Amino acid sequence: MREWRVPHSDQDLQKFRSKLLGWFHRHQRDMPWRRTRDPYCIWLSEIMLQQTRVAAAIPYYERFLETFPSVRALAGAEEEDVLRLWAGLGYYSRARNLQRAAREIVERHGGEFPRDFAAALALPGIGNYTAAAILSIAHGAPHAVLDGNVARVIARLEAIRGDLREGSRWRALQTSAGRLLDISHAGDWNQAMMELGATVCTPRAPNCAVCPVAESCRARKLGLTETLPEKRRKRAPEKVHLAVAVFLDPAGKTILFPPAKAASRKKEERNSELSALFSRLWHFPAAAVRKDARTELRRHLQTVGGMQMISAAKLLPLPPLRHAVTYREITITAFVVRVKELPGARTGRVLPMNKLHSLAVSGLTRKIARAALAR
DNA sequence: AACTCGGGGGC
DNA sequence: GCCCCAGAGTT
């Protein structure tokens, strides 16, 4: 055993576990998915929580279960309807994979979420973390989770330096997580570690004064709680300028364009790249801007949208909007185009501006719609 | 191993 | 502004 491991002895480990579990039972936050053991509900919550804060996921979780209360209901749905419920939550491949997995579960597992770790791991959208979380919480299976919270907690307990996401270091953290795991309360244990990371052992300004395991913490002994873990280096941001057309007819209807098919990475055209900015969901007609937003949008509407050329004076610009998608910083110039009759487009769907939620649209599209309606 | 994928809450 | 969140899939 590496001597810096914390806690040191088996006896200390027992105390460590009972302290953290006791703390968890007293201080855990109430969450909708903590009121059930249904593997489907646990699964859904874990997918929604991937890279997403608890508070953000809760309303989506409730709405989703009202519409799709079971694996079979989800498996029988249209992907479009699943995405519509996911709209605004981000990382839309989660929703697509969730539904693909539901169909696999119905076909191969009799509609029951598999209890076997390898079988769970084989489902789309389920990696090591999610498989361990679902099986431990729903069935008490002895798998330790390792997420951002747990990694930070262990990194401080053991005073680990360096980027935690780096391969060998992440594997070492997984080993430590497995050693700490209380296998007789695996589900609660995993949640306790995450809860500690989320509410006490936070990224900045950890509240060591209330930490139930502070005396086991090596970072605390060394005065490193503020400097560990070391920050991840991030990719440099990239600026993008977008021009979009918000058509409005007298009835308050507008036109959205459909999600573009995923193009192969190499021959990805500018147009399809642009569609990725809308998360490959329904979106307003849009053009990437190099010089003049109005000119390039008008040309785009004609050449790509198949519309008749629209006179420049019809395009009334809104104040620029800003939106961030991963490392891209998007500046959006939205033009409201009031028309007596919506122009015919090659593709696209006509719907009332205030019913955008009837289609799967990204947060960016919603942001543009809000700004246009506020005029 | 490096990239990509959303959006927002908290400071 | 900046960080990073109950990560996974692809290249």
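Just so you know, these numbers come straight off a predicted model, no measurement behind them. Chain identifiers are assigned alphabetically (A, B, ...) following the order of the sequence lines, protein sequences preceding nucleic acid strands; residue numbering begins at 1 within each chain.
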### Message
Using a heavy-atom cut-off of 4.0 Å across all strands, would you classify G197(A) as base, sugar-phosphate, or nothing?
### Response
nothing

### Query
Is R29(A) salt-bridged to E195(A), going by a charged N under 4.0 Å from an acidic O?
yes

### Query
Would you call K19(A) and E215(A) a salt bridge, using N to O less than 4.0 angstrom?
yes

### Query
Taking the C1' atom of each, how far is dC3(C) from dG6(B), in whole Å?
15 Å

### Query
Judged by atom type as modelled, is there a donor-acceptor pair below 3.5 Å linking the side chain of R94(A) to the main-chain atoms of Q50(A)?
yes

### Task
Give a yes or no on whether a salt bridge exists between R218(A) and E158(A), defined as a side-chain N under 4.0 angstrom from a carboxylate O.
no

### Side-chain N,O (T130(A)) to OP1/OP2 (dA8(C)) below 4.0 Å
yes

### Value in whole Å for how far the C1' atom of dA6(C) lies from CD of Q174(A)
14 Å

### Query
Of the nucleotides dG6(B), dG7(B), dG7(C), which has the atom closest to the H323(A) side chain?
dG7(B)

### Query
Below 4.0 angstrom from OP1 or OP2 of dC4(C), is there any side-chain N or O of K234(A)?
no

### Task
Determine the contact category for R152(A): base if any of its heavy atoms lies under 4.0 Å from a base atom, sugar-phosphate if only primed atoms, P, OP1 or OP2 are that close, otherwise nothing.
sugar-phosphate

### Query
Between L196(A) and N149(A), is any pair of side-chain heavy atoms under 4.5 Å apart?
no

### Query
With respect to the side chain of D147(A), which nucleotide from dG7(C), dG6(B), dA2(B) is positioned closest?
dG7(C)

### Summary
Judged by nearest nucleotide, the residue sitting upstream toward the 5' end of DNA chain C, R100(A) or M31(A), is M31(A)

### Task
For dG9(C) versus dG8(B), give the span between their P atoms, rounded off to a whole number of Å.
24 Å

### Message
What contact category does W33(A) fall into here, base, sugar-phosphate, or nothing, at under 4.0 angstrom with non-hydrogen atoms?
### Response
base

#### Entry: Among dC5(B), dG7(B), dA6(C), the nucleotide that comes nearest once only the side chain of R328(A) is considered
dC5(B)

### Query
Among the nucleotides dG6(B), dC5(B), dC2(C), which one has an atom lying closest to any side-chain atom of Y327(A)?
dC5(B)

### Task
Please tell me which of the listed nucleotides, dC4(C), dA2(B), dA6(C), lies nearest to the side chain of N149(A)?
dA6(C)

### Query
Does atom CZ of R328(A) have more than 12 heavy-atom neighbours, drawn from other residues, nucleotides or ligands, at distances under 6.0 Å?
yes

### Pairwise P distance, dA6(C) and dT4(B) [rounded to whole Å]
24 Å

### Separation of dC4(C) P from L228(A) CG (nearest whole Å)
13 Å

### Message
Expressed as a whole number of angstroms, how long is the span from W43(A):CH2 to dA8(C):P?
### Response
14 Å

### Task
When you get a sec, tell me which of dA6(C), dC5(C), dG6(B) is the closest nucleotide to the side chain of Q191(A)?
dA6(C)

### Query
Should the ring pair W86(A) and F64(A) be called parallel, tilted or perpendicular, given that the plane angle runs from 0 to 90° and is split at 30 and 60?
perpendicular

### Message
Over all strands shown, is N190(A) touching base, sugar-phosphate only, or nothing at heavy-atom distances under 4.0 angstrom?
### Response
nothing

### Message
Is there, by distance only and without an angle test, a donor paired with an acceptor across the side chain of T52(A) and the base of dG8(B) below 3.5 Å?
### Response
no

### Query
So which one's nearest nucleotide on DNA chain C is more toward 5', I126(A) or R53(A)?
R53(A)

### Query
How long is the line joining OH of Y60(A) and C1' of dG6(B), in whole Å?
10 Å

### Query
Base, sugar-phosphate, or nothing for I47(A), non-hydrogen atoms under 4.0 angstrom?
nothing

### Task
Can you tell me the distance, in whole Å, between the CZ atom of R235(A) and the P atom of dC4(C)?
19 Å

### Summary
By nearest-nucleotide position on DNA chain B, the 5'-leaning member of R94(A) and E166(A) is E166(A)

### Query
Is the H283(A) ring parallel, tilted or perpendicular to the F278(A) ring (thresholds 30°, 60°)?
parallel

### Task
Tell me what S93(A) touches on the nucleic acid: a base, only sugar-phosphate, or nothing, going by heavy atoms under 4.0 Å.
nothing

### Query
If you look at every strand shown and take non-hydrogen atoms under 4.0 Å, does S45(A) touch a base, only sugar-phosphate, or nothing?
nothing

### Task
Measure from CG on L196(A) to C1' on dA6(C) and round the result to the nearest Å.
14 Å

### Message
At 4.0 Å (heavy atoms only), tell me whether M193(A) reaches a base, stays on the sugar-phosphate, or touches nothing.
### Response
nothing

### Query
Taking atom C1' of dC5(C) as reference, at what distance in whole Å does atom OH of Y91(A) sit?
9 Å

#### Entry: Nearest-nucleotide pick for P203(A), side chain only, options being dG6(B), dC4(C), dA6(C)
dC4(C)

### Message
Could you identify the nucleotide paired to dG7(C), looking across every strand shown and requiring Watson-Crick or G-U wobble geometry with both distances under 3.5 Å?
### Response
dC5(B)

### Query
Taking atom C1' of dG7(B) as reference, at what distance in whole Å does atom CZ of R366(A) sit?
11 Å

### Distance below 4.0 Å between R233(A) side-chain N/O and dC3(B) OP1 or OP2
no

#### Entry: 5' precedence on DNA chain B between R204(A) and Q50(A) (nearest-nucleotide basis)
Q50(A)

